[in-house]
Amino acid sequence: MLLMLANAKLWAAAEEDFARGLELINSSKLSQVKQGVDRLIASSDPRARIYLNAMLDSNLYRHTKEKRLVMLVSRDGSKVIVADVNDASKTEELKKRRVKRVPINNRLRGDIKAYLASKDLSDESSSVRKAAVQRLLGDIGELELGLFKQRLEVETNPDVKYLLESGIALDKLANGERFEQLAAIELLGESLEPPVRNSLNQMAESGPEELQALAAKALAKIDDKVAFYAFLEKVFFGLSLGSVLVLAAIGLAITFGVMGCINMAHGELIMIGAYTTYVIQLMMPNAIGASLIVAVPAAFLVSGLVGILIERGVIQFLKGRPLETLLATFGVSLVLQQLVRSIFSPLNRSVETPEWMSGALDINPVFAITYNRLYIIFFCLAVFALLFFVLRKTVLGLQVRAVSQNRNMARAMGVRSEWVDALTFGLGSGIAGVAGVALSQLTNVGPNLGQSYIIDSFMVVVFGGVGNLWGTLVAGMSLGIANKMLEPVSGAVLAKILVLVFIILFIQKRPRGLFPQKGRAAED
Amino acid sequence: MQKMKTKIASIAAAGLLSLGASSTWAADDTIKVGILHSLSGTMAISETTLKDTMLMLIEEQNKKGGLLGKQLEPVVVDPASNWPLFAEKARELIEKEKVASVFGCWTSVSRKSVLPVFEELNSILFYPVQYEGEESSKNVFYTGAAPNTQAIPAVDYLMDEVGVKRWVLAGTDYVYPRTTNKILEAYLKDKGVAAEDIMINYTPFGHSDWQSIVSDVKKFGSAGKKTAVVSTINGDANVPFYKELGNQGISAEDIPVVAFSVGEEELAGLDTGPLVGHLAAWNYFMSVENDANEEFIDAWQTFIKDEDRVTNDPMEAHYIGFNMWVKAVEAAGTTDSEAVQEALIGISVPNLSGGYSAMMPNHHITKPVLIGEIQDDGQFQIVSQTAGLVPGDAWSDFLPGSKDVIADWRAPLSCGNYNVKTGKCSGQNYE
């Protein structure tokens, strides 16, 4: 009876907290909202989650006139569509100035996330539970310790179980008896979590003497692992930078390498590919994920067509005059840039990143692979393989190779060299466009996009050996890795310079690059 | 390459100019106001807006009856993001067009490039952008922030309110970030931050591959002490930087980034998702709530015929600078540059954050400092504001070379870099 009474009292208190909390967060003052959030958290009411989550997503708004809370559904110019907080189907359209967002700052976000994490400890999904424990691990107090112990009794997933045990061990390490501390060090030696490392570090530096050596030993073991993963990470970064270089350069490897035509507008063809992505996204605003996939063939076609136009309009008249080709295509690049400025404004355009390309694949606490980079590495390899197939196994490829080796002989055999030239140029340009789609996910889409990649592209092609696709792949990847290995030591600016100096020296020694073309074709 | 672009741009600009001139050529009794902002090239993104702001301010002033009974006439030139061309165009404005004063420049290099021209011809330049300080010219009025009206209050906020103990100073590799970081490093050490708790990193212009740097920041920040990044990363390199932070799972609660070059205009074309919660320090935010600001926003959106256009800090700086100039010309009763220069000191006009800004004898102005958190709609939630106005300091108190230097353009001192220890004025030498 007494228990029930106490419970009812508690319940009433929670109910009051909840109601008062909602009242308080309905305010434009951050300090009031903070009190409100504290109340909501104290109430531990399941309904509070909806409000807190909406606040985290910056979707919780106040109706300034009617003083009620609403959930933002979408924005549309000067109008907004909002819904009832508890019933998403009840929507209404309001003027933009009629609603104001419930203010939130980082401290509040931190509080809310910590609270939600403590609730997430009993979530169904083990990955959510894992993230929740990881989040709480950094700052373990009485409350968290209690939650951890409670959860540990029912936890079945081994990873989460170990994390929970680490959390308890961290507490033992700080406050436990000597034998508990020893056991804690033993257990924590296997963990890569940053808070664990920091605690051990502290112990190794200023802990009790007999523990110092043990902690240092555990720490050394962790550091070895961390160093190993740091190396893997660098290799991954290098491959990712390399794949960007290869993507940007591979189109050039065809136009410059196979056709021998110096195309300074190559960077702008990449830019056109990126803008194509932007336009496709504008056309399919509700399917950002799919738009990227549609953009690949679209960019190939658009850039390819522009490339064929450039070839037919300018380059074919300048055959055999490389200097003039260089100047003329440079002129074309300026025209294209200005064209884009006039059509799309000089401002950068925002290309959205689809959900499946954001975030990272967490392999362990010190090593994560970002999805966008991972996909771009695969994408680069796929483009390379496809191009390789086209050049080796198709009629077009055969003719391209024939024309590039001996134009006159090829013509004598009935190959229409003009037609092949245009198509080759189109192919190279189209690939540049495809590279633009990938780059739109990594960098800014603006009129200057192409300029920042043209030098790198030439560098890769020349280093790899003109006219050799494998050379481009190996050169791009090795330059990427070299750059990323140097960067932590020398800084980004110097790393770039060092790589450039290395290439200059290398070209002095081997003017034909890594994989020089052999045979008579290479002589002229 | 740059030259060719310049040529094309200047031909285009000349065409525009002759068009503009022919339409107003009959107006003889006007006061000309020079606008020296890049309308093409890399800086066009930021500077075009400032040109439009000036056109709007001049139009409004003309509606109010002009100045000294005359109409104001804007003269727009395009220095095309090309630093030497800034000097040429400045000379053209002053000598050929005989403008009464010039509003312009964005980057420090462009300001350094026009400085000798303004000093030689004794004209007036209003410079509206935050910069690294260490300069005070007789002919330049700095309406943007100096390090002590932007960077230092931001660091104070992080240190006192957020409890940051470890610092990453990340910047683009040029003069503004280098000087600002030097000042900040000295300031932090002064406050007792150990050298191993400060990490300094520079990247080239337009850097787009932030993987290793962000990963380093993450490692640096996982040492158990609260860490923040103070970013002087310039221009569009910020976008891939924030994206990478988001992708590597660093959120603003873990490691907040405070930026000095990211404002509403930069956020307008961005997917703001990964930026939410990160900070910026300015003297003005569009989200400041008061009547003057709402009027300004309405006027701007009507002028530019776009309801989605945003306002930003350098625009407010031009607003303040232009109003100061108008007031000074009225006080002096002439547009003569010597008289206006004298009249400008001590002039005080309302700013858009609900107070008054005054021109100091060192040619810098007093401003409030606001810290804002980025929201998903590209606006800022103001989380901190200095109690009063902070006077801009030309010479930082935290650099050994400039500690003892002051600037005071009032007679009898009339010096931009007077050393109080040696009692010497070392002339207008800013190298």
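Values below: all heavy atoms of this structure, side chains included; hydrogens, waters and symmetry mates excluded. Note that this is a predicted model, so its numbers are computed, not measured. Naming: A, B, ... by sequence-line order, numbering from 1 per chain.
Looking at heavy atoms from C-beta onward, P240(B) lies in side-chain contact with N444(A) at the 4.5 angstrom threshold. In this structure, S215(B) and F367(A) have side chains that are not in contact, with every pair of non-hydrogen atoms separated by 4.5 Å or more. Side-chain contact between E373(B) and I104(A) is absent, with no heavy atoms from C-beta onward closer than 4.5 Å. You'll find the side chain of E253(B) stays beyond 4.5 Å of the side chain of I112(A), heavy atoms only. At a threshold of 4.5 Å between non-hydrogen side-chain atoms, the residues H207(B) and V493(A) do not count as touching.
Within a 6.0 Å radius of CG in D291(B), no more than 12 heavy atoms belonging to other residues, nucleotides or ligands are found. Within 6.0 Å of the CD1 atom in I363(A), the count of heavy atoms belonging to other residues, nucleotides or ligands exceeds 12.
When each of E352(A), K496(A), R107(A), Q338(A) is checked for heavy-atom pairs under 4.5 Å with chain B, R107(A) comes out on top. With respect to chain B, the highest number of heavy-atom pairs below 4.5 Å among T443(A), L241(A), L30(A) belongs to L241(A). Annotation: maximal heavy-atom pairing with chain B below 4.5 Å, among R197(A), Q441(A), K113(A), Q202(A), occurs at K113(A). Counting heavy-atom pairs closer than 4.5 Å to chain B, the top-ranked of the candidates R109(A), K234(A), M357(A) is R109(A). Counting heavy-atom pairs closer than 4.5 Å to chain A, the top-ranked of the candidates T203(B), D209(B), V162(B), V239(B) is D209(B).
A salt bridge is defined here as a Lys NZ or Arg NE, NH1 or NH2 lying under 4.0 Å from an Asp or Glu carboxylate O, and R373(A) with E244(B) meets this definition.
Contact annotation for Q381(B): only side-chain heavy atoms (C-beta onward) come within less than 4.5 Å of a heavy atom of chain A. Contacts between K219(B) and chain A at a heavy-atom distance below 4.5 Å involve the side chain alone, from C-beta outward. The part of S251(B) that comes within reach of chain A is its side chain, from C-beta onward, which places non-hydrogen atoms under 4.5 angstrom from that chain. Heavy atoms of P195(A) lying under 4.5 Å from chain B are absent altogether. Looking at N372(A), the atoms closer than 4.5 Å to chain B (heavy atoms on both sides) all sit in the side chain, from C-beta outward. Contact of D377(B) with chain A is made through backbone and side chain together, with heavy-atom distances under 4.5 Å. Only the side chain of E289(B) comes within less than 4.5 Å of a heavy atom in chain A; its backbone stays farther off. For a residue to count as touching a neighbouring chain, one of its non-hydrogen atoms must lie under 4.5 Å from one of that chain's; by this rule D173(B) touches chain A with the side chain only.
One side chain, E487(A) or S212(B), offers a donor N or O that lies under 3.5 Å from an acceptor on the other. With no hydrogens or angles considered, no side-chain donor-acceptor pair links Q211(B) and T370(A) at under 3.5 Å.
In this structure, N105(A) contributes its side chain and V383(B) its backbone to no donor-acceptor pair below 3.5 Å. In this structure a side-chain-to-backbone donor-acceptor pair under 3.5 Å is missing from N247(B) to S358(A).
Residue S222(B) comes nearest to N198(A) through the heavy atom pair O-ND2, 2.9 Å, listed as atom of the first residue, atom of the second, then distance.
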